[in-house]
Amino acid sequence: MSLWTRSRQLLHTDNATTEDGPAPAGSGSPEGTAEAGADGAEPGEAVAESGRSKHPVVARVITALAAVLVLFALLVPNELGRITPGTFARIPVEGIFGAAVLLVLPPKARRTGALLAGAILGLLTILKFLDMGFYSVLDRPFDLVLDWILLDDAQSFLTDTVGRAGAVGAVIGVVVVVLALLVLMALAVVRLSHVVARHSAVATRSLLVAGTVWTLCTALGLQIAGVPVASRTTAGFVENRAEQVRAGLKDRETFAKESAVDAYRDTPPDQLLTGLRGKNVIFAFIESYGRSAIQDPEMAPQVGAVLADGTNRLRAAGFSTRSAFLTSPTTGAGSWLAHSTFMSGLWIKNQQRYRTLTSSDRFTLTRAFQRAGAWRTVGIMPGVTRSWPEGKFYGLDHVYDSRQLGYKGPKFSWTPVPDQYSLSAFERLEHGKAGHKPMMTEIILASSHNPWAPIPEMIGWDEVGDGSVYHAIKKAGKDPKDVWKDPDQVRTEYRRAIEYSLNSLISYVEKYGDDDTVLVFLGDHQPVRTVTEGNLGRDVPIAIVARDPAVMDRISGWDWQEGLKPGLEAPVWRMDTFRDRFLNAYGPQPGKVPSP
């Protein structure tokens with residue numbers, strides 16, 4: 001026997017003794033050599049495997065871990081709430097199909113295909129993790145076309161919440177996890193492809209059995225803990241994403257058609273808002289103030305008590321109140337989408353629509369006051385920490401951001417300025433000045449912004465000063481990192497933050513409101529799922545407060561309920577319908593505007 005022939009036999013003998021068990025009897029024979037060559041393994045692959053033959057147990061463990069990683073990627077859903085005991089006890093059709101394809105490919109194509117399949121599977125797993133985060137905060141999946149900009153907002157939120165070092169650490173951690181997942185998934189699929197190729201006969205029989213079982217489970221509808229045994233999770237996920245991308249690309253055209261319709265674009269100035277002439281109108285948004293705050297059994301009693309007490313206090317001061325619900329285009333976050341929907345009369349459900357809107361000349365509710373020429377238009381934006389060109393789009397004569405309010409106190413996690421200080425600054429800078437022109441003001445109350453710790457406290461209006469008093473209040477508050485370890489604490493602190501924002505606004509009207517005050521305040525969206533637990537939809541409360549009976553008479557046809565707290569039977573409008581209803585009610589000839 002030649003040295004070359006002997007070497008070939010030894011090579012295949014070593015290759016047979018791998019993590020999948022010792023070689024069968026006779027594998028060192030010429031017949032065994034021929035059979036080993038028939039499985040399609042290249043000499044290089046055999047050499048690599050023979051190097052691991054000295055540690056078969058370790059090799060088997062690594063192969064098992066590779067199989068677990070691939071099965072996890074194929075079976076894990078994209079929502080945390082859908083992970084159940086039966087989630088991973090299923091048969092993934094994608095795994096069966098993928099193994100079959102790798103089995104019939106020649107060695108070079110098989111290795112390339114395994115690397116590509118592993119990389120794609122890693123990317124899909126990363127996308128599922130993104131979905132988990134988006135469902136937890138925004139109650140919707142990550143949009144591959146429109147949501148990349150929100151990752152920058154997430155980093156900014158982390159910086160404001162845990163500091164720059166913590167945010168940088170989180171970003172580095174995410175990058176490491178992403179790279180590791182891509183590499184490990186590719187290596188796992190390559191390793192499993194080698195195993196399938198070396199044991200082609202067993203693999204073929206196993207795939208036939210698995211395919212038959214999957215088909216039977218599909219036909220019979222078999223389930224484990226409410227989850228179908230026959231899984232096509234990843235295939236359905238890919239189909240859904242493809243449809244989402246198509247819809248995102250088409251949405252630009254759809255939105256262009258919607259925004260082209262505007263019943264009030266050409267309304268003459270002298271016919272705008274005639275029912276509010278001489279009034280000081282305030283539109284106030286309370287961050288994360290949603291239906292859950294007033295209807296969730298764990299929060300409703302306390303928040304309801306604040307609203308009931310506020311209704312009574314305002315009534316004692318001569319004010320009437322009415323309330324209802326609006327359905328927001330967003331939930332969990334994305335306040336600017338709700339603000340623009342409310343003001344523009346268009347359904348601004350994503351960042352693409354928002355950018356298109358704010359670069360247009362759309363006639364907004366705030367711009368209506370500016371065009372009428374009878375009001376000074378002002379924005380109190382304590383959450384804005386950099387230039388905000390959208391102020392011109394909204395028709396605001398002047399915008400006071402967090403840098404222009406004269407605040408000398410500390411930030412409360414994300415919130416740059418406490419709500420009571422924002423209202424005090426508005427009184428000092430604009431409303432409290434003698435002989436001022438009637439004004440329309442948009443105020444964003446941000447103290448109820450996630451993460452709801454620490455929370456400011458109500459103090460005497462004469463104690464607010466330049467905000468330095470809040471240093472001691474913040475020091476006595478809770479650490480958001482401690483609060484977020486317990487969902488029950490999160491819900492409690494959310495409720496307390498809403499109570500603070502409501503008390504700030506009610507107290508302001510009680511102290512500084514007069515016969516010309518008209519206040520419209522509402523939530524922008526529901527809080528995150530940790531608080532809502534996926535219940536009560538996307539509705540937010542809205543209320544109108546005024547001392548002049550004529551102002552309330554104009555909206556008598558709205559059928560809103562008395563008081564600051566809307567009940568279960570209160571009207572529910574889509575948020576984008578409010579603009580036209582409001583302009584109609586306070587125009588020359590008020591009447592009902594049919595809902596779309």
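All residue numbers refer to positions in the sequence shown, counting from 1. Everything numeric here is computed off the predicted structure, so don't read it as measured data.
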Looking at side-chain heavy atoms only, is the closest gap between Leu307 and Ile294 below 4.5 Å?
-> yes
Side chain Arg371, main chain Gly395, donor-acceptor under 3.5 Å | no
Taking atom types as modelled, find out whether Arg581 and Asn584 have a side-chain donor-acceptor pair closer than 3.5 angstrom.
-> no
Side chains of Thr358 and Glu390: do they bring a donor and an acceptor to under 3.5 Å?
-> no
With rounding to the nearest 0.5 Å, note down the distance linking CZ in Arg353 to CG in Leu346.
-> 8.0 Å
Residues forming a side chain to side chain donor-acceptor pair (under 3.5 Å) with Asp397, sequence neighbours excluded | Gln370, Thr377
Parallel, tilted or perpendicular: which describes the rings of Phe582 and Tyr586, with under 30° parallel and over 60° perpendicular?
-> tilted
Sidechain-backbone polar pair: Thr311 side chain, Leu564 backbone, donor-acceptor under 3.5 Å | yes
Answer yes or no: is there a side-chain heavy-atom contact under 4.5 Å between Ile380 and Pro382?
-> yes
Mind checking whether Leu519 and Tyr508 have side chains closer than 4.5 Å, heavy atoms only?
-> no
With side chain to side chain contact (heavy atoms under 4.5 Å, CB included) as the test, would you mind laying out the steps for Leu568 and Gln295 before giving the verdict?
-> CA-CA 8 Å; Leu568 294 176; Gln295 289 188 359; 3.3 Å; yes
Using the ring of each side chain (for Trp, its six-membered ring), is Trp452 parallel, tilted or perpendicular to Tyr494, with breaks at 30° and 60°?
-> perpendicular
Examine distances only and state if a side-chain atom of Arg538 and a backbone atom of Arg291 form a donor-acceptor pair shorter than 3.5 Å.
-> no
May I ask you to check whether Phe412 and Tyr421 place their ring centers less than 6.0 Å from one another?
-> no
Any sub-3.5 Å donor-acceptor pair from Glu287's side-chain atoms to Ile444's backbone N or O?
-> no
Is the His339 to Phe285 ring centre distance short of 6.0 Å?
-> yes
Does a side-chain heavy-atom distance below 4.5 Å link Leu396 with Met440?
-> yes
Within the distance-only criterion (no hydrogens, no angle test), does the side chain of Ser328 pair as donor or acceptor with the backbone N or O of Asp539 below 3.5 angstrom?
-> no
Does a side-chain heavy-atom distance below 4.5 Å link Met381 with Glu442?
-> yes
Stepwise, does the side chain to side chain contact (heavy atoms under 4.5 Å, CB included) test hold for His431 with Ile282?
-> CA-CA 11 Å; His431 184 260; Ile282 301 172; 5.8 Å; no
Give, for atom CH2 of Trp347 and atom CE of Met575, the distance between the pair rounded to the nearest 0.5 Å.
-> 7.5 Å
Charged N to carboxylate O below 4.0 Å: is that the case for Asp296 and Arg491?
-> yes
Heavy-atom nearest pair, Pro418 first then Pro456, reads CB-CG, 3.8 Å
Residues Thr517 and Asp514: side-chain donor-acceptor under 3.5 angstrom | yes
Atom pair OG1 (Thr331) and CZ (Arg140), whose distance is rounded to the nearest 0.5 Å | 10.5 Å
Ala324 and Pro571: which non-hydrogen atoms are nearest, and at how many Å?
-> CB-O, 3.5 Å
Flag yes if more than 12 heavy atoms outside Glu569 fall under 6.0 Å of its CD atom; otherwise flag no.
-> no
Starting from the C-alpha separation in whole Å, work towards a yes-or-no answer on side chain to side chain contact (heavy atoms under 4.5 Å, CB included) for Val545 and Phe521.
-> CA-CA 8 Å; Val545 179; Phe521 75 91; 4.3 Å; yes
Donor-acceptor pair, side chain of Arg529 and main chain of Gly534, under 3.5 angstrom = no
Just do the side chain to side chain contact (heavy atoms under 4.5 Å, CB included) check on Tyr500 and Met458 with the steps written out, would you?
-> CA-CA 7 Å; Tyr500 168 75; Met458 286 296 297; 3.9 Å; yes
Taking NZ, NE, NH1 and NH2 as the nitrogens, is one of them in Glu499 or Arg496 under 4.0 Å from a carboxylate oxygen of the other?
-> no
Starting at OG1 of Thr330, measure out to CH2 of Trp336 and round the result to the nearest 0.5 Å.
-> 7.5 Å
For the student: nearest non-hydrogen atoms of Pro454 and Pro480, plus distance = CD-CD, 4.3 Å
Is the distance between the ring centroids of Phe142 and Phe134 under 6.0 Å?
-> yes
Please assess Glu427 against Lys511 for the test salt bridge (Lys or Arg N to Asp or Glu O under 4.0 Å), listing each intermediate value before the final yes or no.
-> CA-CA 11 Å; Glu427 186 64 21; Lys511 181 173 179 61; over 6 Å; no
For Ile348 and Thr341, work out which heavy atoms get closest and say how close.
-> N-OG1, 3.0 Å
For Lys279, the side-chain contact (heavy atoms from CB on, under 4.5 Å) test, sequence neighbours excluded, returns Leu276, Val281, Asp516, Val518, Asp548, Val551
Here the pair of heavy atoms bringing Ser288 nearest to Pro527 is O-CD, 3.7 Å
Gap between atom OG of Ser136 and atom CG of Leu80 - 0.5 Å precision = 4.5 Å
Please check if the side chain of Ser259 supplies one atom and the backbone of Phe255 the other of a donor-acceptor pair under 3.5 Å.
-> yes
Side-chain contact test, heavy atoms from C-beta onward, threshold under 4.5 Å: evaluate it for Ser344 versus Asp576 and give yes or no.
-> no
Would you tell me whether Ser335 and His525 have side-chain atoms, one donor and one acceptor, within less than 3.5 Å of each other?
-> yes
What distance do Tyr394 atom OH and Leu365 atom CG have between them, rounded to the nearest 0.5 Å?
-> 11.0 Å
Taking atom types as modelled, find out whether Asn350 and Asp143 have a side-chain donor-acceptor pair closer than 3.5 angstrom.
-> no
Does CD in Glu562 sit with more than 12 non-hydrogen atoms of other residues, nucleotides or ligands closer than 6.0 Å?
-> no
Just by distance, do the side chain of Gln526 and the backbone of Ser292 share a donor-acceptor pair under 3.5 Å?
-> yes
Measure from the side-chain N and O atoms of Asn280 to the backbone N and O of Met439, and report whether any donor-acceptor pair falls under 3.5 Å.
-> yes
Could you give me the CA-CA distance, side-chain angles and deciding distance for Asp262 and Arg579, then say whether salt bridge (Lys or Arg N to Asp or Glu O under 4.0 Å) is met?
-> CA-CA 11 Å; Asp262 189 349; Arg579 187 203 71 160; 2.8 Å; yes
May I ask you to decide if Ala497's main-chain N or O and Ser448's side chain share a donor-acceptor pair within less than 3.5 Å?
-> no
State which residues pass side-chain contact (heavy atoms from CB on, under 4.5 Å) with Arg313; sequence neighbours excluded, sorted by chain then number.
-> Asp309, Asn503, Ile506, Ser507, Glu510
